[in-house]
Amino acid sequence: MYDVIVVGARVAGASTAMLLARKGLRVLLVDRARFPSDIRHGHLLHRHGPRRLREWGLLDKVAEATPALTAAITDFDDFPLLSTDLVEDGLPWAYAPRRSTFDAILVRAAVEAGVELREGFTVDSYNAVDGAITGITGRAGGPPVAERARITVGADGRHSPLARTVGARSYFEADTLLCYYFSYWADIEASDFELYQSIEARRGVFAFRTEGGLLAVFVAAPVEELPALRRDIEGSFMASLDAAAPRLAERVRSGRRVEGMSGATSLPNFFRQPYGPGWALVGDAGLHKDPWLALGMCDAMRDAELLADAIGRGLEGGADLDEQLAGFHATRDALTEADYRENLALARFEPRPPMLGALRQALRDRPEESTRFFKARMRMIPFESFFNPENVGRIVGQATAPSAAAGG
């Protein structure tokens, strides 16, 4: 009998399994894939992600595979605002490892920590006794086998079979708002990261450097336009670039696309009750949001750490497991709600606050302040250290004072 069975060995599952094994628990990790294995998802790792990887001893492995992202251009239908030197406490703002690389790093770390890994393993059912999940039945190309555990963790994606089996309650729900198409280009001059948002065109464009010098380029469009987009994916992709990021579109046309187009079109927004008798959910299985803010991987790592700590205290630390899981639930929601609501507003192309435009204009010729602005928005430094009335008033006031004096 295992202490924990984790179903799903991608970011959330492999991280959870690794952290539990480092606490001395006996962990079984299963996945239908064999690693390294790619999935066509976004893969930007920022905010608290690099710091957490450093704490886990895995940052060097990521840095060996893909470049650090330390410069960014943002354009909100006004002008490109450049922020540079995006390094804080020795950590760059972001990395963008391909999923085949990053997931494999986490899986190897889990195995090195003592996790038993079964690849190519399909879970047929979740087993229960008296309403409590007791383990799984599945197979890896042979006859079915049943495995038992004190708790089973579903890291099995936004359409989680475990969540469906236990009837996990969903809340704060919103239907799919945007669809995304993306691919990879070589031989393109670009900043480390570029973001364009056009409320008028109802398009978002994201581009970032990844492995092998490639530039990943993503286009986001309202999901109600999906039928039209599908009729000509490549033409619609370039038309979206022309509408929201014409300067980037010129550079993309001059480059060389090295992979086919990929899409993501089923992106519901929800929180789920993440625990119950004998089970817990982590990553997209317990919480899913539109990819606009690109928080999927780093939030999955954060929640893996929260859940592993709760399970560790409940199984081996002498604490009540249900109380610990309830604490995990409350903390996860508290850390996520503000980002979740901001994400929905961005994905709906809601109007930006007028002060944001004035602030960006004031920062246009002030590179050091522009860098602090970006760091605060990305939580590299405390948000309130930049976004407080005194500081914002100082920056905007200094920018408008000369023109006001000339006019008066």
Side-chain angles (χ1 to χ4, degrees), residues 10 37-46 69 72-77 94 96-100 102 157-159 174-188 190-269 284 288-297 343-344 346-349:
R10 301 267 176 200
S37 168
D38 201 12
I39 50 174
R40 306 293 282 178
H41 290 186
H43 48 93
L44 187 66
L45 185 63
H46 62 121
L69 308 185
I73 289 173
T74 56
D75 190 332
F76 300 155
D77 267 344
R98 297 289 291 268
R99 292 299 299 270
S100 55
F102 188 53
R158 60 187 180 273
H159 302 298
D175 292 336
T176 298
L177 298 170
L178 299 177
C179 56
Y180 291 76
Y181 282 95
F182 65 96
S183 191
Y184 300 86
W185 276 262
D187 307 324
I188 294 180
S191 183
D192 291 348
F193 174 81
E194 300 189 18
L195 165 63
Y196 302 85
Q197 182 191 30
S198 174
I199 290 177
E200 181 179 356
R202 294 179 62 77
R203 290 293 187 273
V205 173
F206 312 82
F208 52 76
R209 288 286 174 201
T210 185
E211 300 171 35
L214 299 181
L215 187 72
V217 183
F218 291 69
V219 163
V223 73
E224 58 265 25
E225 298 185 29
L226 182 58
L229 296 174
R230 281 176 166 163
R231 285 195 288 270
D232 180 9
I233 292 173
E234 294 188 21
S236 298
F237 184 92
M238 292 309 303
S240 295
L241 285 181
D242 288 333
R247 289 178 289 272
L248 176 61
E250 292 177 5
R251 287 177 278 147
V252 168
R253 286 190 171 92
S254 71
R256 175 170 52 89
R257 182 157 60 89
V258 299
E259 297 186 22
M261 301 294 296
S262 296
T265 60
S266 176
L267 300 167
N269 300 271
D284 287 350
H288 189 263
K289 46 194 175 293
D290 185 277
W292 187 286
L293 288 176
L295 295 175
M297 292 201 301
N343 210 56
L344 291 177
L346 290 166
R348 289 170 174 149
F349 295 101

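What you see is a predicted model, and the numbers here were worked out from it, not measured in a lab.
Residues M297 and H41 have side chains not in contact (no heavy-atom distance under 4.5 Å, counting atoms from C-beta outward). Inter-residue side-chain proximity for V205 and V219 is flagged as met; some heavy-atom pair is nearer than 4.5 Å. For the pair H159 and D284, the minimum side-chain heavy-atom distance is 4.5 Å or more. In this structure, L248 and I73 have side chains that are not in contact, with every pair of non-hydrogen atoms separated by 4.5 Å or more. A 4.5 Å side-chain heavy-atom check between N269 and L344 finds at least one atom pair inside the cut-off. Between V252 and M238, the closest side-chain pair of non-hydrogen atoms falls below 4.5 Å. Put simply, the side chain of L44 does not reach to within 4.5 Å of the side chain of F206, judged on heavy atoms.
Within the model, atoms CZ of R247 and CG of L241 stand 13.0 Å from one another, a figure rounded to the nearest 0.5 Å. Note that CG of L267 and NZ of K289 are 12.5 Å apart. Values are rounded to the nearest 0.5 Å. For the atom pair CZ of R202 and OG of S240, the computed distance is 12.5 Å after rounding to the nearest 0.5 Å. The structure places CG of D290 at 5.5 Å from CG of N343, a figure rounded to the nearest 0.5 Å. Separating the CG atom in L214 from the CZ atom in F208 is a distance of 11.0 Å, to the nearest 0.5 Å. Considering CZ of F237 and CZ of F182, their distance stands at 10.0 Å, rounded to 0.5 Å.
Side-chain atoms of T74 never come within 3.5 Å of backbone atoms of L195 as a donor-acceptor pair (strictly under, hydrogens ignored). Within the 3.5 Å criterion, the main-chain N or O of G260 finds a donor-acceptor partner in the side chain of S183.
Closest of all the heavy-atom pairs between T176 and T265 is CG2-O, 3.7 Å. Across all non-hydrogen atoms, the minimal contact from A243 to A201 is CB-CB, 3.9 Å. Shortest non-hydrogen contact noted between A94 and H46 is CB-CB, 3.6 Å. Nearest heavy atoms, L215 versus S191: CD1-O, 4.5 Å. Minimum heavy-atom separation, R348 to A174: NH2-CB, 4.0 Å.
The distance between the ring centers of F349 and W292 falls below 6.0 angstrom.
Salt bridge present: R253 and D242 bring a charged side-chain N and a carboxylate O closer than 4.0 Å.
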Run the side-chain donor-acceptor check on residues 226-234: report pairs under 3.5 Å with partners two or more places apart or on a different chain.
residue, atom, partner, partner atom, Å
D232, OD1, G235, N, 3.0
E234, OE1, R257, NH2, 3.1
E234, OE2, R257, NH2, 2.8

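Among residues two or more places apart in sequence or in another chain, the side-chain hydrogen bond (donor to acceptor under 3.5 Å, both in side chains) test is passed with H43 by Y184.
Screening residues 205-226 for side chain to side chain donor-acceptor pair (under 3.5 Å), with sequence neighbours left out, gives T101-E211, R203-E225.
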